[in-house]
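Proteins get letters first, then strands, A, B, ... in listed order; numbering begins at 1 in each.
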Number of protein chains: 2
Amino acid sequence: MDEIDYRILSKLEENARTTVSEMSRAIAMSQPAVTERLRKLEENGVITGYHAKLSPEKLGKHTTAFVLFKTNRCKDFEAFGETSPEIVDLYRTSGEYNYLLKVVTETSESLARFLESINAFGFSSTLIVLTTKFEDKSLADGMEPSASAKPSQRILRGL
Amino acid sequence: MDEIDYRILSKLEENARTTVSEMSRAIAMSQPAVTERLRKLEENGVITGYHAKLSPEKLGKHTTAFVLFKTNRCKDFEAFGETSPEIVDLYRTSGEYNYLLKVVTETSESLARFLESINAFGFSSTLIVLTTKFEDKSLADGMEPSASAKPSQRILRGL
DNA sequence: TGTGAAACTGCATCGTC
DNA sequence: GACGATGCAGTTTCACA
């Protein structure tokens, strides 16, 4: 994990469809060398996937909310979460509530129906998203090989 | 926005580096036709970007938290948020708190330092993420052209 | 909108250092 | 680890329906 790796990661965070040749030009390194580095970054699990980001609005989903949730039926609730298309993110958390959900629905009415459906499992507290200032800020940008790359050497060997 | 568009979107949500030829094979449609649909989905803002997803752990970032935040210095706080590498997501929300932050840091100590730094702007309540059950569930999957594609016709014309 | 054909570009793979 | 060469795969562009 040197500076070149961070530059590759940064490029792909910004645009996952960047071609290997484009990166090899930007980096001034041969195409096979970039391909090989990329292969290792994927193999080592540094890159976990490449995903298109869609506009919920353009898909008719106008309401986003975060739901703090408290339940003692964790297994049941997690199984429900897996199958619920409204829940896009699900986190186990510390604190008074034990789950945090990001929920994306068509309207505030469909959010209300969703909240009623989870009331069967426990108690919820809902924060409606008014505006998203930003999302998914780069993790690779501003990473210095000297600072956090040395620990990652250990990590990449599976420790 | 017909069923073919949803299949394209679904493929790219799952793997943003899927080639046009792969999609054209899966869909049984010519390559230029898929390219043209893709161009329009991007132009209309249905697809907002393609991003590599990185493992915070593998980059030495072992602590993730959601922070509920209350401030009356909104402009100042948002400007701070833009420049803060720890804040990966920033939402304006309804409720007692007016912001929700997703924060990714190296350790719980660096999280503590971060929380001290934002105390200058207002009050926070922190939920530490113990485990991420899932993130970024598909928005396009299970979308029926009959249901939400008709509204999106209006949306795509800019209404 | 969609198609097929052709020119162009990018990628995988190899042997070499 | 990185490089250059090469053959195959993917993309772009076009005339046409």
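- Here the P atom of nucleotide D/dA2 and the CE atom of A/Met29 are 4 Å apart, to the nearest Å.
- A distance-only check finds a donor-acceptor pair linking the side chain of A/Asn98 to the backbone of A/Thr71 [under 3.5 Å].
- Spacing between atom CZ of A/Arg37 and atom P of D/dG1 amounts to 8 Å, rounded to whole angstrom units.
- Between B/Met23 atom CE and D/dT11 atom P the separation is 8 Å, expressed in whole Å.
- When rounded to the nearest whole Å, the span between CG of B/Asp2 and P of C/dT1 equals 10 Å.
- For the helix from C/dT1-D/dA17 to C/dC17-D/dG1, the terminal axes (five pairs an end, C1' atoms, rotation from four pairs onto the next four) enclose an angle of 30°, given to 10 degrees.
- One finds a salt bridge joining B/Lys102 and B/Glu135 here, because a Lys/Arg side-chain nitrogen approaches an Asp/Glu carboxylate oxygen to under 4.0 Å.
- Note that CZ of B/Arg25 is 12.0 Å distant from CD1 of B/Ile27, once rounded to the nearest 0.5 Å.
- Distance B/Ile8 CD1 to C/dT1 P: 13 Å, rounded to the nearest Å.
- Formation of a donor-acceptor pair under 3.5 Å by the A/Lys70 side chain with backbone atoms of A/Gly122 is not found in this model.
- The side chain of B/Lys40 lies closest to C/dT1 when the candidates are C/dG2, D/dA2, C/dT1.
- Counting only distance, with no hydrogens or angles, the side chain of B/Ser84 and the backbone of B/Phe80 share no donor-acceptor pair below 3.5 Å.
- For B/Gln31 (side chain) and B/Ser24 (main-chain N/O), no donor-acceptor pair under 3.5 Å exists by modelled atom type.
- Distance CZ (B/Arg39) to P (D/dT13): 11 Å, rounded to an integer number of Å.
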Original post:
In B/S/- notation, 5' to 3', how is nucleotides 10-17 of chain C contacted by protein heavy atoms closer than 4.0 Å?
Top reply: SBSB----
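- A salt bridge (charged side-chain N to carboxylate O under 4.0 Å, His left out) with A/Lys40 is found for one member of A/Glu43, A/Glu36, A/Glu42 and no other, namely A/Glu36.
- Nucleotide D/dG1 holds its P atom 11 Å from the CG atom of A/Asn44, rounded to whole Å.
- For the atom pair CG (B/Leu115) and CD (B/Glu86), the distance works out to 10.0 Å, reported to the nearest 0.5 Å.
- Counting to the nearest Å, the P atom of D/dA2 and the CG atom of A/Asp5 are 8 Å from each other.
- Put simply, the side chain of B/Thr131 never gets that close to the backbone of B/Lys133: no donor and acceptor are under 3.5 Å apart.
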